[in-house]
Undergrad: 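One structure, as structure tokens, below. Some questions next.
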Amino acid sequence: MKVAFLSDIHSNFPALCRALEKAHRLGASRIVVAGDVVGAGPHPVEVIRHLMQQEIPAIAGNVDRKVLQAGGRHRDLKEQLRDRKNGHLAWTALQLGKAEREWLEALPPELTVEVGGAEVLVVHGSPQGDTDYIYPSITRQALLSKLEGRRPAVLVCGHSHVPFRRTVAGVRVLNCGSVGRPVDGDPRGTFGMVDSSEGGIRTRIVRFAYPVDHVTMDLESRRVPGAKPDEYRAGIKKKGA
Amino acid sequence: MQPVGCSLIIPARVTLRRLVSRLSEAGYSFGDPVVENWRSVYYDTQDGSLFKHQLRLFRAGGDGPWILNDGDRIFAPGAEAGMHFEPGKLPTEVQSLVSGHRLIPYLELQVRQSSISFEGASKGRLLLQKWHFSGGYRKMKAPGPKVLCIAEQQDTSELEHLVVLLREAAGSVTEPSDPLEAGLQALGLPFPGTPLPDELRLASGDSVMRAAGKILAQQEYRMTANTEGTLQDLDPEFLHDLRVAVRRCRFAVRQFKAVLLLQAQSELKEELKWIGGLLGAVRDLDVFWEVMRTETEAVDSDEVSRQKLLEHVQDERTAPRLELEEALRSERYRQLTQRLRGPLPEPLSEEAGVEIPDTVDGFAGKQIRKRAGKVLEMSPRGEEFSGEELHQLRIALKGLRYTCEFYRDLYPDRLQRLIASLVLLQDTLGAHQDAVVAEAKLSKIAETFGRGDASYELGLVLGRLLERQIHKAVKNRARFEKLWPKKSKRIRKFRRSLKK
């Protein structure tokens, strides 16, 4: 059995489509989304509707939560659009219809799925919360502390947009990277796969290309606040506003 | 709410089935597909009056309603193609562009369309069209793009979402170009009015040799662009423009003789003289036929006499017309245009006698001054110009005008007014010349019919027509004499300004 884990889609519909196509080509029978479905990108409605229609289970990420928190009166949201750093949250909130908003509100903070008999814990940041990071350098002690007594076979996470896989304290840690906003210098998106098809559990990181110009075009035409098309083209993220 | 829609070009491999399948995954449901074929024919005047103003006039299905598209509005007038356009049927701002001109069919767009209704987050219709183009004298055909249209949408924001979905389903989309431009480009035919391609325009710093090549290629471009319309006899202006291009070519060969191989010069001269002669013979009769058509109406001629005169001119036109058509379809003509288009052979070192500037900038100024000088030399000996003096002045003015037009790109603002003045002088002299020629032809017709059994009415009509041509010649000559002092001053002033 193969399961694909997609994280940090960030409203990037072309990247989501290519990721799903690749996952199916690689034989994934299930898809799970590890948070940050929306925010930053130009296609929040298209992404949510697609996940809804395909009944793909997902958890909430910190940006999803912030988008819901930005909600309020229409006028307030319009004023927030001017914020260069966080205006995209208000913009995203303004795009969502009732159905999309309800779907986002219903997302749980974590999920547990079974892959070939193995328990896979899916979180956005870490088991501590959606803003906590798990980096490649994490130590055994640190991981066990974050797990607070739980010992899944696989821990799937996202949030940092830095894909990696390591076995720490007997737990296979799989950071999926980001489908829609890679930052490691490679503009291609990434997702993770857990495979139990040949006995045992294997994990892998999958890279895929997608038409970046479709996204950059829409970032400009839809006037997403704080959009940085060049960063999408280069697969980086600069600090600051 | 007004329905909205949009069009996108998609890859040829994308099928409606694929799009439906992908949209179904997004929760859309579909009706039954409907397949239909339809066509539109695009029209414009010979000089591209509508095209220049970003207007498109087409007729659905060959005999269906007329539609004018200016990018914002759709307007259906109701004119007849191939005839003198009746004003009052189009918006006022467009009437002046086409009034008095014939509407020429430039392109046929054939569409095979599959359409299907959809419903989901929004409702509307998807139209998947495969375009095909045909046009030109040889009824050339070329495939066109696959175009996806979203129609009858009710919601602009939902339209945006749908476009994103369809873009991902199709793989890539681009904005469709205008069908008329896309079709003419696909068929290798020029746009209405033959706008000159940028690569043929002169640039400051071009060598004289390069400039000569470009100028001859410009004329070849116009010759080729007007050959089709001439062969189809759609509008006499096609032949007129073709003839003018040939004349300009002959003039250019003389002007650039210092940079052309002697043998190439003499061969080109001979070939241009050959085709120019055939064009001239038909053009003279075209002009005369038009004079007869309008003048017989003006003198309120009886219908029998009118038809007799028009048929006589048409009969005279038949043989030269056939000879011209044969020439334009010949390998000889094709080779001539190829030579004008291709690289020019440089003169041998022993042929190059006259020293010429390195770049066209100095050369252009010298040529314009020279030609202006020739015009200004032509002052009348008496109180007014004699017939022969007018004839020589007409030739000199033509030379100056052609020269100014050759180098227009080098002096884009400065030459504008001078060329306008030269055009006015030439048109006035041209009208005078046409009246003189018409007078001579009418006299010959009178002689011909006089020997036969011409009716009393016919004799009267001929007399009235002759009188009017004499009057026109006098009127235009007087007009020219009045214009000359002011316009010649402008020429003198411009010539002086070039010395600085």
Side-chain angles (χ1 to χ4, degrees), chain A residues 9-25 31 38 41-56 74 77 91-103 179-180 189 208-224, chain B residues 1 4-30 71 116-124 126 145-150 153-177:
Chain A
I9 299 167
H10 285 299
S11 301
N12 187 334
F13 187 66
L16 173 62
C17 290
R18 297 304 187 282
L20 291 173
E21 273 170 26
K22 184 125 191 197
H24 287 126
R25 264 206 314 276
I31 312 285
V38 296
H43 310 122
V45 172
E46 290 85 353
V47 165
I48 290 177
R49 283 185 184 172
H50 196 81
L51 296 177
M52 280 168 68
Q53 192 60 36
Q54 298 299 305
E55 294 178 345
I56 293 174
H74 190 85
L77 284 172
W91 183 86
T92 303
L94 279 166
Q95 309 309 307
L96 303 181
K98 186 164 176 269
E100 289 88 38
R101 199 176 175 83
E102 281 173 1
W103 182 88
V179 164
F208 63 92
Y210 74 93
V212 178
D213 53 333
H214 289 183
V215 179
T216 55
M217 235 168 33
D218 290 346
L219 280 170
E220 284 167 10
S221 66
R222 292 183 175 188
R223 295 199 198 127
V224 178
Chain B
M1 196 184 292
V4 291
C6 72
S7 298
L8 309 159
I9 291 183
I10 59 175
R13 67 178 185 278
V14 176
T15 59
L16 190 63
R17 187 191 291 186
R18 174 172 163 167
L19 296 172
V20 165
S21 161
R22 292 297 290 269
L23 289 183
S24 298
E25 287 172 14
Y28 285 89
S29 60
F30 293 87
I116 194 166
S117 63
F118 63 84
E119 200 168 329
S122 58
K123 269 199 307 195
L126 281 183
K146 209 167 209 180
V147 179
L148 176 65
C149 307
I150 305 168
Q153 259 278 20
Q154 297 299 323
D155 188 334
T156 312
S157 63
E158 285 300 333
L159 179 65
E160 279 185 25
H161 299 316
L162 196 53
V163 168
V164 170
L165 287 179
L166 288 168
R167 186 181 59 194
E168 296 318 311
S172 72
V173 298
T174 46
E175 293 269 331
S177 55

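Reminder, nothing fancy here: chain letters follow the sequence lines and each chain counts from 1.
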Undergrad: Name the option with the most non-hydrogen atom pairs under 4.5 Å to chain B; the candidates are Arg18(A), His214(A), Arg222(A), His43(A).
TA: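 The candidate making the most pairs under 4.5 Å is His214(A).
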
Undergrad: Answer with side chain, backbone, both or neither: which region of Glu21(A) has an atom nearer than 4.5 Å to a non-hydrogen atom of chain B?
TA: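 Contact with chain B involves the side chain of Glu21(A) alone.
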
Undergrad: Sub-3.5 Å donor-acceptor pair from the side chain of Arg49(A) to the main-chain atoms of Ala26(B), do we have one?
TA: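 Not a single qualifying donor-acceptor pair exists.
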
Undergrad: Could you walk me through whether Leu16(A) and Tyr210(A) pass the side chain to side chain contact (heavy atoms under 4.5 Å, CB included) test, one step at a time?
TA: CA-CA 9 Å; Leu16(A) 173 62; Tyr210(A) 74 93; over 6 Å; no

Undergrad: Non-hydrogen atoms of chain B under 4.5 Å away: do they reach the side chain of Asp213(A), the backbone, both or neither?
TA: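 Neither the backbone nor the side chain of Asp213(A) comes within 4.5 Å of chain B.
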
Undergrad: Tell me, side chain or backbone of Pro14(A) under 4.5 Å from chain B's heavy atoms, or both, or neither?
TA: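 Both backbone and side chain of Pro14(A) come within 4.5 Å of chain B.
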
Undergrad: Is the backbone N or O of Arg17(B) less than 3.5 Å from a side-chain atom of Ser21(B), with the two atoms forming a donor-acceptor pair by type?
TA: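 Side chain of Ser21(B) to backbone of Arg17(B): no pair is present.
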
Undergrad: Is a side-chain donor or acceptor of His50(A) paired with a backbone partner of Glu46(A) at a separation under 3.5 angstrom?
TA: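 Answer holds: no.
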
Undergrad: Going by heavy atoms in the side chains, are Leu165(B) and Phe13(A) under 4.5 Å from each other?
TA: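 Contact flag for Leu165(B)/Phe13(A) side chains = yes.
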
Undergrad: Give the member of Arg167(B), Glu160(B), Glu25(B) that has the highest number of heavy-atom pairs under 4.5 Å with chain A.
TA: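 Going by pairs under 4.5 Å, I would pick Arg167(B).
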
